[in-house]
2 protein chains.
Amino acid sequence: MQKEASTEPGADRIEKIDPRFLTTLRDHVHKALRAAILSGRFAPDERVNERQLAEQLGVSTTPIKEALRQLETEGLVETLPRRGVLIRFNAGWAEEMILARAALESMIAHLAAKRIEKAEAGKLEDTVALMRKATEDGAADDLISLNETFHEQIHIASRCQYLSRMIERQQFYDASIRRVIHSDPLERGKALAEHAAIAAAIISNDSDKAERVMRDHVVRSGETYLNIVFNKKEDI
Amino acid sequence: MQKEASTEPGADRIEKIDPRFLTTLRDHVHKALRAAILSGRFAPDERVNERQLAEQLGVSTTPIKEALRQLETEGLVETLPRRGVLIRFNAGWAEEMILARAALESMIAHLAAKRIEKAEAGKLEDTVALMRKATEDGAADDLISLNETFHEQIHIASRCQYLSRMIERQQFYDASIRRVIHSDPLERGKALAEHAAIAAAIISNDSDKAERVMRDHVVRSGETYLNIVFNKKEDI
DNA sequence: ATCTGAAATCTGGTATATCAGATCTCACAA
DNA sequence: TTGTGAGATCTGATATACCAGATTTCAGAT
């Protein structure tokens, strides 16, 4: 809320639209393909055809190609030059993506514990309090957004922009899966305890503990995801 | 060396060419731009123009666009839709890339310590022995390739393909910088000691120690890089 | 002097045509 | 029957034209 009426009339009444909110076709294609791959709608090693995709999605091959390049860099597809594009995703890959996220999130937690400021610590505590309430109420949708807030606050406290972006790429729980996960009271309880432990460690500047607890949390909740998406085990 | 003379005559005399060795224009563009950015030939936040790049490199805009999408996913450039492409790299970014690599390599080291097999352990020991010799001889070029071998052997022992690829994207020491680093006898000595410690921890299946030592090694050698490329400190 | 807005211009986004490597098909020769 | 290879075909790679949002320029109005 800066007062800059002289240079930007009305700047205090309506904020500038962040250019990043504008979207492109390739962005839609990227998100759509990504979601399709991560939810298992492509078989591992399945070939995808650029022209065919373009037709299915009703666009030209240009945005398709660009989206595929992004997915390639993310490690979700592999391009064999002049031969074809293959889907590169299966249970093992998902497991490794979870490990990557665990490694990066725990690094962030470590730094957040060292760098967090008092005001930020207060907000983090508030978030945990809200999570506690939502957990008791069984408010799954609230938990989903609080979860995002929680991790985002830690990212901000860590002062790591690059690492934050890297982590976004390892994020493959989409809303529907999250809802399934959070609908289980036992899972909700575990998650709450872990979040509380992470927050406590960060707030008390115990970077080693924050790192450890965060890693365990990401791995454990990742395994929950694996069980749901890949039906790895059918026990209770 | 499989004997499949019946289906593939001569298969035991000459091996198949790996399709990944074939290259494309976009790949050249990607590597060229990446190297240029990481070595500081673009200013932070500098705008780059697709058509201009295409003209400079003597190609059309298509491979340029695809290479830029890859760099965008890597976090080295940022695209503002319909506005422009910006370079996103500076000392802080490089620092975070080092942290990302440290987090991922230490995760890999942890798993390698748990999963390494006897034959692999022997090879790793051999590599360290060669490194010791090269360090004493001051053979910088040998050290550079041995370094690659060393980390690659650990990646293989960890059975993590996805993580290995992720790490490749955090690799920004090009050959010329490595040569500068390895030309310093003090640095060579430190690196040797660290490599030996990493190998020992992995071979003795001490996963926690492997993780810790690997992380310290990546961070410390990364700082050496930062000092060279960004001239962060001028002391001795 | 300052503000307004239409037009020129810049830049990425998208569609399309064409190129070229990789595969497949199949007639035909050994 | 089997192997060969020319030609058809599939698919990604590249070049190019054009579209549309964003920005700048600048004449004209206040």
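Throughout, protein chains are lettered first and strands after them, A, B, ... in sequence-line order, and every chain is numbered starting at 1.
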Closest approach to the side chain of B/K65, judged atom by atom: which nucleotide of D/dA13, C/dG13, C/dA15 is it? C/dG13

Output the rounded distance in Å from CD (A/E66) to P (D/dA13). 13 Å

Length of the CG-P vector between A/L86 and C/dA22, whole Å: 15 Å

Would you mind classifying the nucleic acid contact of A/V29 as base, sugar-phosphate or nothing, using non-hydrogen atoms under 4.0 angstrom? nothing

Roughly how many Å is it from NE2 in B/H28 to P in D/dA13, rounded to a whole number? 14 Å

Rounded to whole Å, the CG-P distance (A/L80 to D/dT11) equals 14 Å

Stretch residues 51-61 of chain A: residues that reach within less than 4.0 Å of DNA chain C through a heavy atom: A/R51, A/V59, A/S60, A/T61

Value in whole Å for how far the C1' atom of C/dT11 lies from CD of B/E50: 8 Å

Can you tell me which residue pairs pass the ring-ring contact (aromatic ring centres under 6.0 Å, His included) test with a partner in residues 91-116 of chain A, sequence neighbours excluded? A/W93-B/Y162

Among D/dA22, C/dA15, D/dA13, which nucleotide sits nearest the side chain of B/R82? D/dA22

On the side chain of A/T62, is there an atom forming a donor-acceptor pair with the base of C/dA15 - under 3.5 Å, no angle test? yes

OP1 or OP2 of C/dC10 sitting under 4.0 Å from any side-chain N/O of B/N49? no

Take the angle between the ring planes of B/H195 and B/H217 and call it parallel below 30°, perpendicular above 60°, tilted in between. perpendicular

Answer yes if the side chains of A/T24 and B/R82 hold a donor-acceptor pair under 3.5 Å, and no otherwise. no

NZ/NE/NH1/NH2 to OD/OE distance under 4.0 Å, A/R169 and B/E74: no

Which residues pass the side chain to side chain donor-acceptor pair (under 3.5 Å) test with A/R101, not counting sequence neighbours? A/E105, A/Q171

Can you measure A/R26 atom CZ to C/dG13 atom P for me and round it to whole angstrom units? 4 Å

Look at B/R220 together with B/E223 and state whether they make a salt bridge at an N to O cut-off of under 4.0 Å. no

Below 4.0 angstrom, N of the basic side chain to O of the carboxylate: do B/R41 and B/E46 qualify? no

Roughly, in whole Å, what's the span from CZ in A/R69 to C1' in C/dG13? 17 Å

